[in-house]
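Just below is one structure, and these are the notes that go with it.
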Amino acid sequence: KIVIKKGQRGFGFVLRAIKVYLDDTNSFSIQHLVIQIDEEGPAYQSGLRVNDIITHVNDEVVCGRMHTELVKLIVAKNVLNLNTIQLNQS
């Protein structure tokens with residue numbers, strides 16, 4: 001679990017919604033990938049890294065959620081509790 005306290009300029013990371021395909025099928029789930037991080041920001045200092053997939057925000061499952069829903073969850077808080085996995089482990 002990664003705990004991030006919002007700094008003066010936010011949390012310091014950028015997300016992108018991506019499709020992660022299930023095995024060799026056309027079925028996929030929407031995942032949320034960290035694509036950019038401010039190495040001097042709170043997210044990096046807390047352990048979040050580029051290519052982390054965020055699976056939970058404040059104990060809520062975010063896999064399959066729309067990108068806009070996730071952004072609303074994140075910006076509404078001053079402290080985030082994130083669960084993540086690395087992209088290559090998904």
Side-chain angles (χ1 to χ4, degrees):
K1 190 169 258 198
I2 298 172
V3 178
I4 308 169
K5 294 180 183 175
K6 188 184 281 186
Q8 290 179 338
R9 294 178 29 207
F11 292 104
F13 67 95
V14 177
L15 293 173
R16 175 174 289 152
I18 62 168
K19 294 177 183 178
V20 175
Y21 287 89
L22 308 172
D23 299 319
D24 292 331
T25 69
N26 288 332
S27 298
F28 62 87
S29 67
I30 299 295
Q31 304 290 336
H32 301 279
L33 180 68
V34 177
I35 60 166
Q36 184 179 345
I37 197 156
D38 175 359
E39 290 187 5
E40 301 198 6
Y44 187 84
Q45 293 171 4
S46 296
L48 193 67
R49 297 293 181 262
V50 169
N51 289 330
D52 280 352
I53 292 177
I54 296 176
T55 61
H56 296 75
V57 174
N58 298 330
D59 296 322
E60 288 189 46
V61 175
V62 296
C63 301
R65 285 193 169 192
M66 298 296 295
H67 180 75
T68 53
E69 289 180 75
L70 182 57
V71 170
K72 285 180 186 177
L73 269 178
I74 290 171
V75 298
K77 302 292 182 183
N78 288 319
V79 177
L80 294 179
N81 292 292
L82 304 180
N83 290 37
T84 64
I85 59 171
Q86 277 287 302
L87 177 61
N88 62 7
Q89 294 176 348
S90 65

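Rounding to the nearest 0.5 Å gives a distance of 12.5 Å between CG of L87 and CD1 of I35. Note that CD of Q31 and CD1 of I85 are 6.5 Å apart. Values are rounded to the nearest 0.5 Å. The CG atom of N78 sits 13.0 Å away from the CD1 atom of I4 when rounded to the nearest 0.5 Å. To the nearest 0.5 Å, atom CD1 of residue I37 and atom CD of residue Q45 are 10.0 Å apart. To the nearest 0.5 angstrom, I53 atom CD1 is 9.0 Å from T55 atom OG1. Atom-to-atom distance recorded for T84:OG1 and I2:CD1 is 4.0 Å, nearest 0.5 angstrom.
Shown here for P42 and G7, the closest heavy-atom pair between the two residues is CG-N, 3.7 Å. What you find for R65 and I30 is that their closest heavy atoms are O-CG2, 3.6 Å. Taking all atoms of both residues into account, the shortest heavy-atom contact from S46 to V3 is OG-O, 2.9 Å. Nearest approach of F13 to A43, heavy atoms of both residues: CD2-CB, 3.6 Å. The shortest non-hydrogen separation linking H56 to V61 is NE2-CG2, 3.4 Å.
Under the 3.5 Å distance criterion, the side-chain polar atoms of K6 are matched with a main-chain donor or acceptor of V75. Without hydrogens or angle criteria, R16 side chain to V34 main chain gives no donor-acceptor distance under 3.5 Å. A donor-acceptor contact shorter than 3.5 Å is absent between the side chain of N58 and the backbone of L80. Not a single donor-acceptor pair under 3.5 Å links the side chain of S29 to the backbone N or O of G64.
Counting non-hydrogen atoms of other residues, nucleotides and ligands closer than 6.0 Å to NZ of K19 gives a total of 12 or fewer.
Residues E60 and L70 are not in side-chain contact: their nearest non-hydrogen atoms beyond the backbone lie 4.5 Å or more apart. At a threshold of 4.5 Å between non-hydrogen side-chain atoms, the residues R49 and Y44 count as touching. The shortest side-chain heavy-atom distance between R9 and D38 falls under the 4.5 Å cut-off. Considering only heavy atoms from C-beta on, D52 stays 4.5 Å or farther from I54 through its side chain.
Side-chain heavy atoms closer than 4.5 Å link hydrophobic residues (I, L, V, M, F, W, Y) into clusters, and following such links, even through other members, never connects L48 to L33.
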Report the C-alpha distance between V50 and E39 in whole Å, list the side-chain angles of each, state the deciding distance to 0.1 Å, and finish with yes or no for side chain to side chain contact (heavy atoms under 4.5 Å, CB included). CA-CA 10 Å; V50 169; E39 290 187 5; over 6 Å; no
